[in-house]
Amino acid sequence: MASISMRHLKKVYPGNIEVVPDLNLEIEDKEFIILVGPSGCGKSTTLRMIAGLEEISGGEMYIGDRLINDVPPKDRDIAMVFQNYALYPHMTVYKNMAFGLQLRKVPKDEIDRKVHEAAKILDIEHLLNRKPKALSGGQRQRVALGRAMVRDPAVFLLDEPLSNLDAKLRTQMRTEITKLHKRLGTTFVYVTHDQTEAMTMGDRIVVMKDGIIQQVDTPQNLYNEPCNMFVAGFIGSPQMNFIDATISQHGEDYHVDFAGYSIPIPQGKGGADKFASYVGKTIVLGLRAEDFHTEDIFITNAPQSVIEVDVEIAELMGAEVFLYTVCKDSKIVVKAPARVQAKGGDKVKLALDMNKLHLFDKETERTICN
């Protein structure tokens, strides 16, 4: 069993600098879980506490049923892959991969078998006699993964392992690591600040801010049902559009008002129980870039949800175009099909998909409805 349990985990650095105030997280056996958040949010510190590289200031950490607060790193049955690969420059790839096993006095023929097995899986058999300086970034990362694999750890810890690679290689290595997890069937804990990595790789994602877990959920649920503005803005690319608005009541219906427009809120989003206390107050309307439609069919079918915006910049991305627009004081990014010919200086009509709207409390930033 390689489940991980963190109970009221705390990390305080000298000078009473509290990086992780009170963290509670249950990671299941064989799960691929991703810790994501901006720089300095405590995700790498949490990973290093699991590894034993950072001392735990308070709380309890279990791997399986075993309390590991005071267990040294070498006895935790974990393997860590670092951002900078941390390979020994004077050793060949083979020796880098074999080194940890040699320290454990593993028989020579078993070391040889394990190194070649891992090298075959990672497609680096032809590199075993090279030294790290003769390898590309992607090859070095594979060697670092191989070095971790040969130990058959119960838990893999990966600290931003792809951040030093170029975009194309990152995409390729994302797929490789996902396949590796399925093949090995062990628990993976992966730290990144790249939400694309998080969305494409994890079974569940832990979104952190200032050492505090904001939300733990599947990628799809985080995208569709964020619990607050931070999660809504952090997950998804480009970032969700946030527009200051007010709620008004029209009979039994509620509307979102901004920039001179009054757009009805679909009844499925809630009624008086959710919106009555917000009538006349400033709230935040959230809509993703793909939930604004430029096509005539949407504009004709939902005239009550149509606004007009000024295009500042149009960025053609191949199959789609990003329109950076302004509606009165509100900046709105729209993801539209490439056939949309709008350019800077144009006025464009947009139909809002109000079934996809998110509303947030302006003061607490908590979600009112998704």
Side-chain angles (χ1 to χ4, degrees), residues 36 38 167-168 170-171 174 192-202 205 207 215 217-245 256 258-259 261 263-266 269 283-360 367 369-370:
V36 71
K168 185 181 176 186
R170 269 216 302 272
T171 308
R174 279 207 307 262
T192 181
H193 62 266
D194 182 330
Q195 53 87 24
T196 308
E197 277 178 33
M199 288 291 286
T200 52
M201 296 171 77
I205 301 173
V207 183
Q215 190 171 351
D217 216 326
T218 61
Q220 201 62 51
N221 284 350
L222 282 180
Y223 193 77
N224 294 332
E225 298 174 13
C227 70
N228 60 28
M229 280 179 68
F230 178 80
V231 176
F234 197 83
I235 298 294
S237 181
Q239 179 181 308
M240 182 184 285
N241 293 289
F242 294 121
I243 302 164
D244 280 353
V256 175
F258 69 95
Y261 297 98
I263 301 175
I265 300 172
K269 293 291 181 181
I283 51 99
V284 177
L285 163 66
L287 270 173
R288 297 200 180 275
E290 61 268 27
D291 298 329
F292 295 88
H293 299 291
T294 52
E295 293 93 331
D296 289 340
I297 186 169
F298 291 102
I299 290 166
T300 308
N301 288 347
Q304 73 278 21
S305 303
V306 174
I307 64 173
E308 190 172 70
V309 297
D310 295 302
V311 178
E312 290 188 322
I313 298 171
E315 285 183 349
L316 183 61
M317 308 294 283
E320 58 201 12
V321 61
F322 285 0
L323 304 177
Y324 295 86
T325 73
V326 179
C327 181
K328 290 280 176 66
D329 296 328
S330 302
K331 290 188 178 294
I332 299 172
V333 182
V334 178
K335 190 190 283 188
R339 62 179 173 272
V340 174
Q341 297 293 310
K343 58 186 183 301
D346 288 355
K347 285 189 180 300
V348 174
K349 285 188 175 178
L350 301 174
L352 282 59
D353 186 347
M354 295 301 279
N355 290 310
K356 300 284 182 68
L357 102 165
H358 308 265
L359 295 178
F360 304 96
T367 300
C369 75
N370 283 313

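No hydrogens, no waters, no symmetry mates; every other heavy atom, side chains included, goes into these values. For this chain, numbers begin at 1 and follow the sequence in order.
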Verdict with reasoning, L323 to F292, per side-chain contact (heavy atoms from CB on, under 4.5 Å): CA-CA 10 Å; L323 304 177; F292 295 88; over 6 Å; no
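Remark: the backbone N or O of L222 is not paired with any side-chain donor or acceptor of D217 at under 3.5 angstrom. For D291 (side chain) and L357 (main-chain N/O), no donor-acceptor pair under 3.5 Å exists by modelled atom type. A donor-acceptor pair is defined here as one N or O able to donate and one able to accept, closer than 3.5 Å; no such pair exists between the side chain of E197 and the backbone of V36. K335 places no side-chain N or O within donor-acceptor distance of the main-chain N or O of V321, the cut-off being under 3.5 Å. Under the 3.5 Å distance criterion, the side-chain polar atoms of D194 are matched with a main-chain donor or acceptor of T196. Judged purely by atom type and a 3.5 angstrom limit, Q195 uses its side chain to pair as donor or acceptor with the backbone of G236. Without hydrogens or angle criteria, Y261 side chain to E308 main chain gives a donor-acceptor distance under 3.5 Å. In this structure, the side chain of T367 engages the main chain of N228 through a donor-acceptor pair within 3.5 Å. No donor-acceptor pair closer than 3.5 Å links the side chain of Q239 to the backbone N or O of S237.
Nearest heavy-atom pair, T200 versus R174, reported as atom, atom and distance to 0.1 Å: OG1-NE, 3.2 Å. Summarising the geometry of P303 relative to T300, their closest heavy-atom pair is CD-O, 3.4 Å, with the distance given to 0.1 Å. Looking at every heavy atom in both residues, F360 comes nearest to G286 through CE1-CA, 4.1 Å. Summarising the geometry of A338 relative to G318, their closest heavy-atom pair is CB-O, 3.3 Å, with the distance given to 0.1 Å. Of all heavy-atom pairs spanning A342 and A314, the tightest one is O-CB, 3.5 Å. Heavy atoms only, all atoms of each residue included: A198 and I205 are closest at O-CD1, 3.4 Å.
For the atom pair M229 CE and F242 CZ, the distance stands at 4.5 Å (nearest 0.5 Å). Atom-to-atom distance recorded for D244:CG and K328:NZ is 14.5 Å, nearest 0.5 angstrom. Atoms CG and CD1, from L352 and I263 in turn, are 4.5 Å apart once rounded to the nearest 0.5 Å. Expressed to the nearest 0.5 Å, how far CD1 of I265 lies from CG of N355 amounts to 12.0 Å. Between the CD1 atom in I243 and the CG atom in N241 there is a gap of 6.0 Å [rounded to 0.5 Å]. A distance of 11.5 Å separates CD1 of I235 from CG of N224, quoted to the nearest 0.5 Å.
Contact check for F234 versus Q215: no side-chain heavy atoms found under the 4.5 Å cut-off. Side-chain atoms of L359 and L285, non-hydrogen and from C-beta on, do get closer than 4.5 Å to each other. Between V334 and V348, the closest side-chain pair of non-hydrogen atoms is not below 4.5 Å.
The environment of NZ in K356 is sparse: at most 12 heavy-atom neighbours from other residues, nucleotides or ligands sit within 6.0 Å. Surrounding CD1 of I313 are at most 12 heavy atoms belonging to other residues, nucleotides or ligands under 6.0 Å away.
Ring geometry, H293 versus F298: the interplanar angle falls under 30°, so the pair is classed parallel (tilted spans 30 to 60°).
Using a cutoff of 4.0 Å between basic side-chain nitrogens and carboxylate oxygens, K331 and E312 are scored as salt-bridged.
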